[in-house]
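Quick caveat: nothing in here was measured; it's all calculated off a predicted structure. Order of appearance sets the numbers: ligands from 1, and atoms from 1 within every ligand. All residue numbers in this chain count up from 1 along the given sequence.
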Amino acid sequence: MRVVFLGPPGAGKGTQARRLSQLLGVPHISTGEMLRAAITQGTALGQTVRQYVEAGKLVPDVLMQELVRQRLSEPDAANGFVLDGYPRNVQQAQTLDEILGELGTRLDRAVLLDLDPDLLVERLSGRLVCPVCGANYHRRFNPPKHDSVCDRDGATLVQRADDRPGTVRARLEEYTKQMAPVTDYYRQRGLLAVVDASGTIDQVWRGLLRVLGLAEQAENVIEEG
Ligand code: AMP
């Protein structure tokens with residue numbers, strides 16, 4: 001099965017994409033992870049894309065196109081893949097169709113992890129972090145024992161600058177502006193599968209299996225395991 005994952009930051013895309021790739025026995029291809037690896041390794045591509053990734057800007061389509069073409073041409077992706085982080089605009093969605101056409105195949109599904117923007121703001125803006133040990137908390141979903149104090153070392157917890165509600169909303173608006181046409185692109189082609197991402201990881205996973213028609217296959221894997 002050849003699947004792309006769409007969804008805003010905070011919707012749990014990476015987690016679900018990884019699980020699905022394990023169930024299907026196909027690679028999880030995250031363009032963000034590939035770019036970060038290239039930067040760490042100091043490759044020519046890494047040096048070129050560093051400035052974009054560090055500024056949170058999109059890497060130019062021509063560079064992404066080559067990266068994705070090469071990766072999807074590798075033997076382990078011949079029988080399927082779960083692509084996460086690409087496409088991020090309609091141009092990239094068209095390019096992906098072209099690449100798959102060259103490889104003699106096509107996309108089976110585009111999964112959208114859908115979450116109410118208010119819930120996303122709550123998930124991201126409720127996060128607290130310990131400036132001393134780096135432990136993560138959430139005001140509502142994973143609160144510290146004492147208000148705003150780290151359980152481990154007693155330091156006063158802080159909020160990351162980009163997790164403040166105003167910034168989170170701006171990040172989400174930017175995402176919506178770019179991704180709405182991509183969602184439409186797949187809806188018009190009858191490939192879009194929408195999954196409610198507001199529940200727990202396991203609830204979202206079950207919803208994902210249902211829309212992909214894989215619930216039975218997953219049960220067999222659990223029984224065999
Ligand atoms: P991610 O881990 O998917 O959030 O991606 C991290 C960063 O990698 C993004 O902020 C972009 O700078 C870059 N990136 C990842 N995927 C793409 C893509 N499809 N097009 C352009 N830039 C991308």
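Distances from atom 12 (O) of ligand 1 to the heavy atoms of R88, Q92, K57 put K57 nearest.
In the vicinity of L58, heavy-atom distances shorter than 4.0 Å reach the ligand 1 atoms 21 (C), 22 (N). Of all atoms in ligand 1, numbered sequentially from 1 with element shown, those under 4.0 Å from a heavy atom of T31 are 15 (C), 16 (N), 17 (C). Those atoms of ligand 1 that come under 4.0 Å of a heavy atom in G85, given as number and element, are 16 (N), 17 (C), 18 (C), 19 (N).
Rounding to the nearest 0.5 angstrom, the gap separating the CD atom in Q91 from the CG atom in D61 is 5.5 Å. Note that CZ of R50 and CG of L35 are 12.0 Å apart. Values are rounded to the nearest 0.5 Å.
The protein atom (non-hydrogen) at minimum distance from atom 7 (C) of ligand 1 is V53 CG1, 4.1 Å. Of the protein's non-hydrogen atoms, the one nearest atom 22 (N) of ligand 1 is V59 N, 3.0 Å. Counting only heavy atoms of the protein, atom 8 (O) of ligand 1 lies nearest to L35 CD1, 3.5 Å.
T200 and D202 share no side-chain donor-acceptor pair at under 3.5 Å.
Among the candidates D84, L208, V82, the single residue satisfying the side-chain contact (heavy atoms from CB on, under 4.5 Å) test with Q16 is L208. Only one option out of I99, L103, V68 pairs with S73 in a side-chain contact (heavy atoms from CB on, under 4.5 Å); it is L103.
Side-chain contact between P27 and R71 is present, with heavy atoms from C-beta onward closer than 4.5 Å.
At least one N or O atom of R36 sits closer than 3.5 Å to an N or O atom of ligand 1. For the pair P87 and ligand 1, the shortest N or O to N or O distance does not fall below 3.5 Å.
Counting heavy-atom neighbours within 6.0 Å of N136 CG, excluding the residue itself, gives a total above 12.
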